[in-house]
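Below: the structure, in structure tokens.
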Amino acid sequence: MADIFTQQPLQHQQTFLDPHTQLGQISETHFSIPLDPKLYISALLNCTNLTQIKQVHTQITITGMTQNLTVANKVLYIYARFKALDDAYTFFNCMKEKDPVSWSVMVGGFAKNSDHENCLRTFREIIRSGLPPDNYTLPFVLRVCRDTVSLKMGREIHHLVYKYGLHLDPFVSATLVDMYSKCGVIEEARLVFDKMPTRDLITWTVMISAYAECGIPNESLVLFDRMREEGVVPDKVTMVTVVFACAKLGAMNKAKLIHEYILRKNFTFNVILGTAIIDMYAKCGSVEAAREIFDGMRERNVVSWSAMIAAYGYHGYGRKALELFPLMLQNGVTPNRISFVSLLYACSHSGLVDEGCEFFHSMWDKYYVRPDVKHYTCMVDLLGRAGRLNEAMELIEGMTVEKDDGLWGALLGACRIHGNIELAEKAAKSLLEIQTQNPGHYVLLSNIYANAGRWEEVANVRDLMTKMRLKKIPGWTWIEVDNKIHQFSVGDKTHPQFKEIYEMLMGLIKKLELAGYVPDTNFVLHDVDEELKVGILYTHSEKLAITFGLISTAEGMPLRITKNLRVCGDCHTFCKLVSATERREIIVRDANRFHHFKKGACSCGDYW
DNA sequence: TTAGGGTTAG
């Protein structure tokens with residue numbers, strides 16, 4: 001047998017694989033050695049497993065064809081594609097001659113297989129050996145910077161483009177945009193994007209997706225329009241990112257327009273696009289429209305089922321979410337960790353404590369999905385909301401997986417609802433030990449202390465926040481009026497009609513109070529002036545006020561709704577009204593969930 | 001010969 005890595009060709013003619021035949025069928029016939037590299041390349045590309053690759057590689061070595069760089073690079077490439085990086089690297093090291101393609105394939109092989117360390121090490125070797133980096137290698141290295149969120153390194157790689165006088169082609173630019181946005185500096189991503197002389201579809205898609213992901217989905221839609229104006233035709237991947245942006249925006253009119261566009265342009269309705277549309281409709285307030293899409297899908301995978309379960313969950317329809325689970329199993333779909341997060345979340349927000357506990361226990365026993373910290377967090381939330389705080393604490397104490405700030409935050413939130421200051425302090429101590437960077441947790445803690453009148457602790461938490469340079473970022477709300485999207489935050493005065501909006505708001509507050517609504521300012525952020533508290537309680541979302549304004553024109557509605565409307569602790573500050581789908585129902589959205597207020601009852605059972 | 005973009009939760 002020839003040594004396929006040292007590439008020593010055999011001296012004598014051997015029985016070997018006939019590259020003309022189908023791979024995997026060994027030809028026993030002797031024939032003269034074909035020396036056409038194309039045959040070996042196509043044989044390599046036709047391999048379906050590692051054994052076949054090694055067989056072809058052996059033949060290539062026997063013939064001495066490894067001396068041909070094109071063939072050798074293809075051997076490297078195919079090993080990397082089948083994740084056989086050890087084989088690829090051993091071969092790479094034995095290659096007597098390497099060209100930029102060899103280096104690029106090796107760097108790319110490591111990058112695609114998430115071997116960040118070796119990818120960077122190989123890239124440094126290129127630079128050290130005096131070879132210039134090229135436009136083929138840079139996207140791979142930038143990909144590592146993106147995946148490891150290494151902004152500093154990403155900037156250094158970007159600098160190499162100028163240092164080596166490289167042309168910023170669409171590949172490098174697209175990965176730079178992607179890297180900067182995933183590293184949280186969307187402005188730098190946009191700078192690269194704006195500087196490109198011409199942008200191809202992928203760069204547009206990356207930029208559209210970047211805005212949606214970093215919480216500026218309205219800009220995604222603006223870019224989508226601009227892209228089409230410039231004559232770039234979107235493909236289905238672009239449409240998925242646009243649908244995702246619309247889901248983030250929660251704007252139903254836009255959602256419908258985009259859905260119509262997808263149908264009109266005959267985009268293939270695959271699982272990914274279908275699932276994205278389910279999510280979009282659900283997040284725009286219509287769980288029914290989401291279900292319609294779900295029912296109409298030809299193929300559904302675990303993501304589609306989980307998305308639908310989650311949709312019912314955050315709309316407060318826990319039972320419907322749970323009904324989907326056995327159907328999912330019947331359809332031969334295996335639940336994953338996210339399916340269980342969605343199920344437990346649905347239970348916790350519909351007060352289905354027993355059902356939640358059952359799922360939690362069966363997920364590992366029956367479905368071999370090991371509970372991670374997120375599942376424990378759902379359970380703490382479930383037990384905590386139901387007032388079973390001690391059980392929640394016992395669960396945490398018995399955990400073998402690493403605890404994170406979200407877990408303690410859930411316990412802290414439950415302590416706030418039930419006014420359990422002792423347990424709150426335990427949770428707070430652990431949160432402070434972890435040094436959570438989530439300002440919401442500190443605000444929560446400060447509020448608990450404030451409610452207990454422990455002002456010294458309030459001041460300590462505030463000091464800590466200042467020292468850690470943490471600031472609560474205000475939530476944004478978007479509202480669609482006549483197909484135009486308006487953006488607001490609490491106390492916002494940037495809207496051209498802000499005077500009219502606040503006048504209407506103040507009028508509504510008066511009506512609310514006349515209707516007997518007494519605001520509970522206990523849970524309003526304590527970092528605002530006292531006189532603003534009541535205002536914030538109502539103005540947490542101007543959208544809420546505006547929609548109330550619209551509803552108030554409907555006969556008899558405002559008093560009935562306002563009398564019965566009790567928003568939960570979270571909603572006091574973060575509630576967002578999405579739309580009034582019918583006169584007798586309004587849907588309120590807080591950070592991640594929806595409340596359906598129908599004839600004075602909320603679909604979410606917790607707060608009623 | 002080698003390169004870039006998409007779905008579910010928190």
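Reminder, nothing fancy here: chain letters follow the sequence lines and each chain counts from 1.
- Comparing B/dA9, B/dG4, B/dG6 against the side chain of A/Y314 picks out B/dA9 as the nearest.
- The aromatic rings of A/H259 and A/F269 sit tilted, their planes meeting at an angle between 30° and 60°.
- The shortest distance between the side-chain N/O atoms of A/K74 and the OP1/OP2 oxygens of B/dT2 is below 4.0 Å.
- Within 4.0 Å (heavy atoms only), A/S339 reaches no atom of the nucleic acid at all.
- Residue A/T205 places a side-chain atom within donor-acceptor reach of the base of B/dG5, judged by atom type and a 3.5 Å distance cut-off alone.
- Of the side-chain N and O atoms in A/K236, none sit less than 4.0 angstrom from OP1 or OP2 of B/dG5.
- The A/N301 side chain lies nearest to B/dT7 when the options are B/dA9, B/dA3, B/dT7.
- A/N270 has its CG atom 9 Å from the C1' atom of B/dG6, to the nearest Å.
- Across the protein-nucleic acid pair, A/Y77 atom OH and B/dT1 atom P stand 12 Å apart, rounded to whole Å.
- If you check every strand for non-hydrogen atoms under 4.0 Å, A/F171 touches a base.
- Atom CG of A/D147 and atom C1' of B/dG4 are 13 Å apart (whole Å).
- Among the protein residues, A/V177 comes within range of no part of the nucleic acid, since none of its heavy atoms lies under 4.0 Å from any strand.
- Taking the ring axis of A/F267 as reference, the NZ or CZ atom of A/K265 does not stay both within 45° of it and closer than 6.0 Å to the ring centre.
- OP1 or OP2 of B/dG4 sits under 4.0 Å from a side-chain N or O of A/R143.
- Minimum atom distance to the side chain of A/D279 is reached by B/dA9, of the listed B/dA9, B/dG4, B/dT1.
- Side chain of A/N46 to backbone of A/S42: a donor-acceptor contact under 3.5 angstrom is found.
- Counting any heavy atom pair closer than 4.0 Å across all strands shown, A/L201 reaches a base atom.
- Using a 30° and 60° split on the angle between ring planes, A/W364 and A/Y368 fall in the perpendicular class, above 60°.
- Between A/K283 and B/dA9, a side-chain N or O to OP1/OP2 separation shorter than 4.0 Å is present.
- Distances shown here put every side-chain N or O of A/R81 at or beyond 4.0 Å from the OP1 or OP2 atom of B/dT1.
- At a threshold of 4.0 angstrom between heavy atoms, the contacts of A/K112 are confined to the sugar-phosphate backbone, with no base atom among them.
- Residue A/F244 is in sugar-phosphate contact alone, with no base atom involved, counting any heavy-atom pair closer than 4.0 Å across all strands shown.
- For A/D200, the listed nucleotide lying nearest its side chain is B/dG4; candidates were B/dG4, B/dT1, B/dT8.
- The closest donor-acceptor contact from the side chain of A/D404 to the backbone of A/G406 lies under 3.5 Å.
- Residue contacts shown for A/R146 are limited to sugar-phosphate atoms, with no base heavy atom under 4.0 Å away.
- When the P atom of B/dT2 is taken as reference, atom CD1 of A/I78 falls 10 Å away, rounded to whole Å.
- Regarding A/H158, its NE2 atom lies at a distance of 18 Å from the P atom of B/dG4, rounded to whole Å.
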(request) Would you check, one step at a time, whether the test ring pair (Phe, Tyr, Trp, His ring centres under 6.0 Å) holds for A/F359 with A/F325? (result) CA-CA 10 Å; A/F359 273 120; A/F325 186 68; 5.2 Å; yes
(message) Run A/E188 and A/R155 through side-chain contact (heavy atoms from CB on, under 4.5 Å) and show every step you take.
(response) CA-CA 10 Å; A/E188 284 182 60; A/R155 285 192 179 126; 2.5 Å; yes
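- With B/dA9, B/dT2, B/dT7 as the choices, the nucleotide that has an atom nearest any side-chain atom of A/S342 turns out to be B/dA9.
- Side-chain atoms of A/T203 stay outside donor-acceptor range of the base of B/dG5, with no qualifying N/O pair under 3.5 Å.
- With rounding to whole Å, A/L344 atom CG is found 11 Å from B/dA9 atom C1'.
- A/D99 comes within contact range of at least one nucleobase, with a heavy-atom separation under 4.0 Å.
- With rounding to whole Å, A/Y136 atom OH is found 8 Å from B/dT2 atom P.
- Computed from coordinates, the A/D178 CG to B/dA3 P distance equals 17 Å when rounded to whole Å.
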